[in-house]
Amino acid sequence: LIKNSSEEYRSEISDIYFGAEFFGEFLMSEQKLRYGNAMNVFANEREIDDLFLIQEEFNIPISLTLNPIIQPAELMGENQMMLQFINWLGEFYERGLRRCTLSFVHLMATGALQKRFPEMVWKSSVFQNVDTPQQFIDMAHCGYNVIQLGRNVNRNTDLLPEFKRLAEKYNVKTSMTVTDNYLPNSPF
C-alpha cells in the first residue's frame, strides 16, 4: 500500500505506531512483569521488521506505543526491572526507533529514558487526558516532546490558543484525537 501510494499521501503520514510487549523477569521468582498497551495488540517480529523497512525506504517514522491502563510499580525506580526495560527498549533504539508513546508519567519524570535515548521523541498518551494548561506544563516538565491533548479540548476555542502558546514556550508539539470509537475514560 505505501509503496504504491503517491508521495503526497505518504507525506501526510506523521508516523506509524505499533504495540510491543516487555516481559521483565523478577529475581528469585518465576513470575514475569508484562508491560505493553491497553488494547493488547502487539506486532510480531516479521511485522516489526516490515515497519523498520518502511521507515528506512520511505522515511516514514515508526512509533512504539506503550500505554497500559495500570502502570507497574516495579518500573518506578532505578532497579533491576527498570534496567531490563531500558535494555529491551534499547534494542528498538539501536535499530533506529526514534518515537515512542509512553503513558508512564513517573518513569518519564525520572529522566532515565531521556538520558539513555537522547534522540527519542517521547509522546504522551490519549489516556492521560491533558485538559488544562497546568497538566500540559506538567507533561512538558516530565520530558514529553509531543503532548496529546484530551478530547475535551477539541472545541474549546478559549483554551486552544493557550495550549499553542505553551507548546511554543516549552518547544513541544501537540497532538489531538479528533475522532475515535471509544467512550470517555474507557480502557478500550
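Scope of the values below: all heavy atoms of this structure, side chains included, with no hydrogens, waters or symmetry mates. These figures come from a predicted structure and were not determined experimentally.
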Under 3.5 Å, which donor-acceptor pairs link side chains of residues 162-169 to any protein atom two or more places apart or in another chain?
| residue | atom | partner | partner atom | Å |
| --- | --- | --- | --- | --- |
| Glu162 | OE1 | Arg165 | NE | 3.2 |
| Glu162 | OE2 | Arg165 | NH2 | 2.7 |
| Lys164 | NZ | Glu168 | OE2 | 2.6 |

For Ser103, give me all partners under side-chain hydrogen bond (donor to acceptor under 3.5 Å, both in side chains), at least two apart in sequence or on another chain.
Gln71
Which of Asn145, Asp15, Thr65 passes side-chain hydrogen bond (donor to acceptor under 3.5 Å, both in side chains) with Lys123? It is Asp15
Gap between atom CG of Leu97 and atom OG of Ser63 - 0.5 Å precision:
7.0 Å
Are Tyr144 and Tyr17 connected, step by step, through hydrophobic side chains (Ile, Leu, Val, Met, Phe, Trp, Tyr) whose heavy atoms are closer than 4.5 Å?
no
For Ala140 against Ile147, the heavy-atom pair lying closest together:
N-CD1, 3.7 Å
Taking all non-hydrogen atoms of both residues into account, name the closest pair between Arg99 and Pro61 and its distance.
NE-CB, 3.6 Å
Grab the two heavy atoms, one from Ile13 and one from Ile16, that are nearest each other, plus how far apart they are.
CG2-CG1, 4.1 Å
Does the cation-pi check pass for Arg34 over Phe23, that is, NZ or CZ under 6.0 Å from the six-membered ring centre and within 45° of its axis?
no
Scanning both residues in full, the closest heavy-atom pair of Leu66 with Ala20 reads CD2-O, 3.5 Å
Side chains of Gln128 and Asp138: closer than 4.5 Å at any heavy-atom pair?
no
Which of parallel (below 30°), tilted (30 to 60°) and perpendicular (above 60°) describes His141 and Tyr170?
perpendicular
So, do Met81 and Phe22 sit near enough that their side-chain heavy atoms are less than 4.5 Å apart?
yes
Does the side chain of Gln84 come within less than 4.5 Å of Glu25's, by heavy atoms?
yes
Starting at CD of Gln148, measure out to OG of Ser124 and round the result to the nearest 0.5 Å.
6.0 Å
Taking the inter-plane angle between the rings of Phe18 and Phe92 on a 0 to 90° scale, is it parallel (under 30°), tilted (30 to 60°) or perpendicular (over 60°)?
tilted
For the residue pair Ala112 and Met82, what are the closest heavy atoms and their distance?
CB-SD, 4.2 Å
Treating Ile, Leu, Val, Met, Phe, Trp and Tyr as nodes and any side-chain heavy-atom pair under 4.5 angstrom as an edge, say whether Leu113 and Met120 lie in one connected cluster.
yes
Any chain of hydrophobic side-chain contacts (each under 4.5 Å) joining Phe117 to Leu83?
no
Atom CD of Gln134 with >12 non-hydrogen neighbours under 6.0 angstrom
yes
Same hydrophobic cluster for Trp122 and Met139, using side-chain heavy-atom links shorter than 4.5 Å among ILVMFWY?
yes
Quiz: residues 45-53 side-chain donor-acceptor pairs under 3.5 angstrom, not counting sequence neighbours:
| residue | atom | partner | partner atom | Å |
| --- | --- | --- | --- | --- |
| Glu47 | OE1 | Asn44 | N | 2.8 |
| Asp49 | OD1 | Arg95 | NH1 | 3.2 |
| Asp49 | OD1 | Arg95 | NH2 | 2.8 |

Are Leu33 and Phe42 connected into the same hydrophobic cluster when the rule is that any two of I, L, V, M, F, W, Y join if their side-chain heavy atoms are below 4.5 Å apart?
no
On a heavy-atom basis, the closest approach of Arg116 and Tyr93 is NH1-CD2, 4.3 Å
